[in-house]
Asker: 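The structure follows.
Order of appearance sets the numbers: ligands from 1, and atoms from 1 within every ligand. Just so you know, these numbers come straight off a predicted model, no measurement behind them.
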Amino acid sequence: MDGREHRWFILGASVIPLLGVLASMALLWNKIFTWSDAVVLVIMYAISGFGISTGYHRMLTHRSFETYKPIRVALATAGVMAGQGPPLIWAAHHRKHHRVADKEGDPHSPHLDFPPGFKGTMTGLWHAHLGWLFDEKLTSDPMRYCPDLVREKPLRWLSEHLVLVTAAGCVLPGLLAFAITGGSVTAGLTGMLWGGLVRIFLINHMTYAVNSVGHYFGRRRFETTDESRNVAWLSLPSFGEAWHNNHHAFPRSARHGMKWYEVDLSAILIWSLEKTGLAWKVIRIDPERMEMREAGISRVSGGSTADQAQLLKSQQHLAPLAERRKSDQPTDPTLVDVE
Ligand SMILES: [Zn+2]
Ligand SMILES: [Zn+2]
């Protein structure tokens with residue numbers, strides 16, 4: 001799939017679900033909404049959400065854990081059904097984003113080349129949200145950014161059969177609704193609308209909000225060289241992706257929610273897979289290292305330390321660890337930070 005085809009796909013995957021949302025609003029206005037619509041919406045939202053968060057992002061892009069091939073293919077397929085393009089291009093863009101986050105070359109920073117003021121802010125946020133996907137100059141060659149993934153035949157197949165698999169993701173909820181209602185054709189059709197188009201609209205804007213809102217509004221726990229933020233209210237519907245400052249501080253960590261109260265559904269899924277023997281090599285961050293990073297002492301993935309001397313003085317108990325960590329260097333892929 002070349003750049004032009006990718007832009008057309010993203011356009012279709014943005015406009016058609018929007019039309020679906022308008023149709024669903026018309027149905028709601030006429031009080032046409034059944035329990036099966038809600039069921040397939042929730043199920044398909046979960047499938048495609050885990051597909052993007054656990055599959056595309058943590059498993060493929062950052063190699064946060066390993067799993068058996070059928071599960072790997074299933075998660076990647078679920079990601080394709082979200083309608084965000086092929087896994088190879090998604091991963092390439094995202095690895096590029098981490099390498100130069102909020103600096104020149106970042107595919108979707110809301111901070112670059114936008115004039116100050118309200119209009120510039122909104123233009124930047126729109127660019128980071130969805131606009132960047134229509135940039136004709138946008139290139140993130142999978143051969144350069146994710147040669148490891150290009151070598152995987154199932155991922156190449158999914159990339160080549162993108163439209164088919166995405167469309168299947170819209171037919172599937174229709175079949176499911178048809179089945180669970182005992183053969184109602186109407187439920188099948190509205191199931192395709194709610195579990196297909198409306199669900200794609202919701203999951204896509206949730207993911208895109210991590211790129212836009214997650215680099216603009218929210219709290220910063222870790223001092224990273226980018227503008228990433230933790231956005232608590234987005235954490236549940238984004239399956240934990242919205243702990244985005246945590247993620248930029250420790251890109252390979254399988255957990256993005258670093259505190260017990262930071263809801264991270266993807267981390268729970270990976271933990272469940274590990275506990276049942278279906279996942280291994282799950283990347284965890286040493287708590288000491290996390291503590292140092294929070295204090296601004298450690299340097300990981302290019303993290304800056306504004307005033308190390310002062311921080312070391314005030315954090316004497318961490319000083320020996322800081323000495324040990326001086327060799328931390330930002331290398332690539334897939335972005336360091338492993339014990
Ligand atoms: Zn980011
Ligand atoms: Zn990432």
Asker: Any salt bridge linking E241 with R58? Criterion: basic side-chain nitrogen under 4.0 Å from a carboxylate oxygen.
Answerer: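 Looking at E241 and R58, the cut-off is met.
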Asker: Please note down the angle at the Zn ion (ligand 1) between NE2 of H215 and NE2 of H244, to the nearest 10°.
Answerer: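 Between NE2 of H244 and NE2 of H215, the angle at the Zn ion (ligand 1) is about 100°.
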Asker: Rounding to 10°, state the angle centred on the Zn ion (ligand 2) that links NE2 in H247 with NE2 in H98.
Answerer: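 The NE2/NE2 angle about the Zn ion (ligand 2) sits at 90°.
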Asker: Which N, O or S atom name in H97 marks its closest approach to the Zn ion (ligand 1)?
Answerer: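 Answer by atom name: NE2.
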Asker: Please report, to 10°, the angle around the Zn ion (ligand 2) from atom NE2 (H94) across to atom NE2 (H62).
Answerer: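 The two atoms form an angle at the metal of about 110°.
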Asker: For atom CG of D2, decide whether the heavy atoms of other residues, nucleotides or ligands shown that lie under 6.0 angstrom number more than 12.
Answerer: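 More than 12 heavy atoms, drawn from other residues, nucleotides or ligands, come within 6.0 Å of this atom.
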Asker: Any donor-acceptor pair under 3.5 Å linking the side chain of Y45 with the backbone of P237?
Answerer: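 Answer holds: yes.
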Asker: Is the number of heavy atoms from other residues, nucleotides or ligands within 6.0 Å of CH2 (W280) greater than 12?
Answerer: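 Above 12, so yes.
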